[in-house]
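As structure tokens, the structure follows; a few thoughts come after it.
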Amino acid sequence: GKPQKHLPMMIYPRRLHTPEEVKELKILINEVLDERDGKRGVSYFDSEKFKTSSASLNKFFTKSYKVVEIEVEYPRNSCTPLEGFVVHSEYDNASGVYNVKSNFQGPFSLHSVLSRALKVEEGKLRLISFEDSGGSFGIKQAIMPMIILTCLASKLSNRQVIWVEDRLEHLTAASSATGRLTKLRASINEKGLIEALDYDQIDDVGAYPRAPEPASLYRMHGNLSGAYKVKNISCRNRVVLTNKTPSGLNRGFGGPQHYFALERLVHQIAVELNLNVLDVIKVNLLEKKQFPYKSPSGALLDSGDFQKLVRKVVKSSTYKNILKKKNNAIKNGKIYGIGYSAIIEPSISNMGYVTTALPYQDREKTGHKGGALASTSVSIGPTGSVYVTCDSLPQGQGHETILSQVVADVFGVKLNEIFVNSTHDTHKDSWSIAAGNYSSRFAGAVAGTAYNAAINLKKKHQKIKAS
């Protein structure tokens, strides 16, 4: 049977409180579900055709080479937000616009997914997201189904529809990071240098692929070799549908799944060759002279000095103290381990990477996609107050304070003379598919854009003053 995609929705004039009311609702929901086939099966999407290989790998996995293999399972997990999902939807019959107020925090590439699900053009879906809804790390992307359901319910009932999620509901049915089973093998030499990598990755995305899945597999696809100088790579990606909650964005989105397997492999290489794991890492790390470095799977790493970083760590008092603690623990009959990993992750993600899930021919037909934009506006009021808006939706990280400081420094005014509003409205604020709070984009993109906007406004003001 196919995974169950149907979600019943009951509209009440108020929130239920008594046990009798909740029991009545459960009976109604079960009656609806009983009308459908509740059996859930398992199905696969096999992307074997998306194979990245810089050379024929067969020769590296023969008896002429030492081969190390591991099988690693990365568990589904979640970051439960401090505040659950909240949606207030109202359909305007006159304009045909769905007005949605929620704590959706992006990425706004999903706005197109929502409008298409509602079968309306982009402008007919107005998303208003409020500032400082506590916690997310991407998990509030999973609010999408409830935005769609409340919009449709508002249109059908001709009423405002509100949905408030409690923490138990979130834990039970909201979302989770994708689970992954990775079979990974490496062809190595006697020093532990990795000559080739062969990935076989299976992602558990739950009941059905919910946008932006299966992008967990492709956020790291361009740099499957990580921080290492591996020249030959092959990768097979598969997606499995199960009877679990659909997966989605959650803290690193594809990064932890990838590096958990790769770094466990490096550790296993050290074990099988009876080498120090840090020495194996150093043998494989990219060298400064190799930058800018083009990864076999496509990513361009612009700069770095990884070997210097390792030397700095090894010489540090912190590392020496850790070694001392380990030696003392072992002398006292205790088990004490030190974990090592070398990780490079894309930050301020270009949302165009999602199209990597499509075959090369299809990507070429539609043209290459990009999505690494940031939008900020800075304006001066009639009596000198300075106003700032941005396309980032803070979850409590203090974006307003940082933007106030950046802009105040440009104009030479006091911090309390800068007024930052990070509430976002797609009908009046500038935005792109990259808008939202994710992938550490604030410091590198949004704050920098605010600085540029303030500089441009200051130049314009000085020009007017001098005329």
Side-chain angles (χ1 to χ4, degrees), residues 52-54 70 72 74 137-138 177-178 180 182 184 186 188 192-199 201 203 215-235 237 249-270 277-314 316 319 338-354 356 370-372 434 438-445 448:
T52 302
S53 179
S54 57
I70 61 167
V72 173
Y74 182 88
F137 296 113
T178 306
R180 179 175 298 175
T182 302
L184 179 58
I188 61 174
L193 180 69
I194 302 172
E195 304 280 3
L197 288 172
D198 183 22
Y199 284 89
Q201 304 181 122
D203 270 15
S216 283
L217 284 165
Y218 295 101
R219 179 170 175 264
M220 301 301 304
H221 194 73
N223 194 36
L224 292 169
S225 50
Y228 306 126
K229 49 192 174 189
V230 184
K231 296 180 180 179
N232 306 286
I233 301 176
S234 181
C235 179
N237 291 333
L249 302 175
N250 186 66
R251 203 63 202 257
F253 193 55
Q257 291 90 332
H258 169 68
Y259 280 111
F260 186 57
L262 180 58
E263 295 306 307
R264 288 300 302 156
L265 176 70
V266 172
H267 179 86
Q268 187 61 29
I269 291 171
V277 64
L278 189 56
D279 290 336
V280 175
I281 289 176
K282 289 192 290 185
V283 165
N284 286 285
L285 281 177
L286 287 164
E287 299 174 16
K288 184 178 180 181
K289 64 183 180 181
Q290 291 180 277
F291 290 98
Y293 179 77
K294 184 69 175 290
S295 162
S297 52
L300 180 64
L301 306 182
D302 56 3
S303 61
D305 193 342
F306 304 157
Q307 301 287 352
K308 181 179 179 180
L309 179 59
V310 173
R311 291 194 297 270
K312 184 176 180 180
V313 169
V314 170
S316 70
Y319 181 70
I338 301 174
Y340 299 90
S341 60
I343 293 173
I344 301 177
E345 285 215 35
S347 185
I348 320 174
S349 295
N350 186 327
M351 298 309 294
Y353 80 85
V354 175
T356 312
Y438 61 93
S439 196
S440 305
R441 70 184 290 267
F442 174 75

### Query
What pairs meet the side-chain hydrogen bond (donor to acceptor under 3.5 Å, both in side chains) rule with one or both residues in residues 279-291, with sequence neighbours excluded?
Lys229-Glu287
### Summary
The side chain to side chain donor-acceptor pair (under 3.5 Å) partners of Tyr74 (sequence neighbours excluded) come to Asn77
Nearest heavy-atom neighbours spanning [X] and [Y]:
| X | Y | value |
| --- | --- | --- |
| Leu197 | Ala186 | CD2-CB, 3.9 Å |
| Gly192 | Val280 | O-CG1, 4.0 Å |
| Ala299 | Asn223 | CB-CB, 3.9 Å |
| Ser216 | Phe253 | OG-CE1, 3.0 Å |
| Leu285 | Ala342 | CD2-CB, 3.9 Å |

Heavy-atom distance under 4.5 Å between the side chains of [X] and [Y], does that happen here?
| X | Y | answer |
| --- | --- | --- |
| Val266 | Ile281 | yes |
| Tyr319 | Leu278 | yes |
| Leu300 | Pro292 | yes |

When you measure from the side chain of [X] to the backbone of [Y], do you find a donor-acceptor pair of N or O atoms at a distance under 3.5 Å?
| X | Y | result |
| --- | --- | --- |
| Arg180 | Ala261 | no |
| Arg219 | Pro346 | yes |
| Gln268 | Ile70 | no |
| Tyr199 | Leu224 | yes |

### Message
For Arg441 and Tyr438: C-alpha separation, side-chain torsions, deciding distance, then whether side-chain contact (heavy atoms from CB on, under 4.5 Å) applies.
### Response
CA-CA 6 Å; Arg441 70 184 290 267; Tyr438 61 93; 3.7 Å; yes
[X] [atom1] to [Y] [atom2] distance, which is reported to the nearest 0.5 Å:
| X | Y | atom1 | atom2 | value |
| --- | --- | --- | --- | --- |
| Tyr228 | Ser295 | OH | OG | 13.5 Å |
| Ile344 | Leu301 | CD1 | CG | 5.0 Å |
| Thr178 | Asp203 | OG1 | CG | 5.5 Å |
| Met220 | Gln257 | CE | CD | 10.0 Å |
| His221 | Cys235 | NE2 | SG | 5.5 Å |
| Lys231 | Ile194 | NZ | CD1 | 13.5 Å |

### Task
List the steps and the verdict of side-chain contact (heavy atoms from CB on, under 4.5 Å) for Thr182 and Leu265.
CA-CA 11 Å; Thr182 302; Leu265 176 70; over 6 Å; no
### Test log, rule side-chain contact (heavy atoms from CB on, under 4.5 Å), inputs Tyr218 and Asn237
CA-CA 9 Å; Tyr218 295 101; Asn237 291 333; 3.5 Å; yes
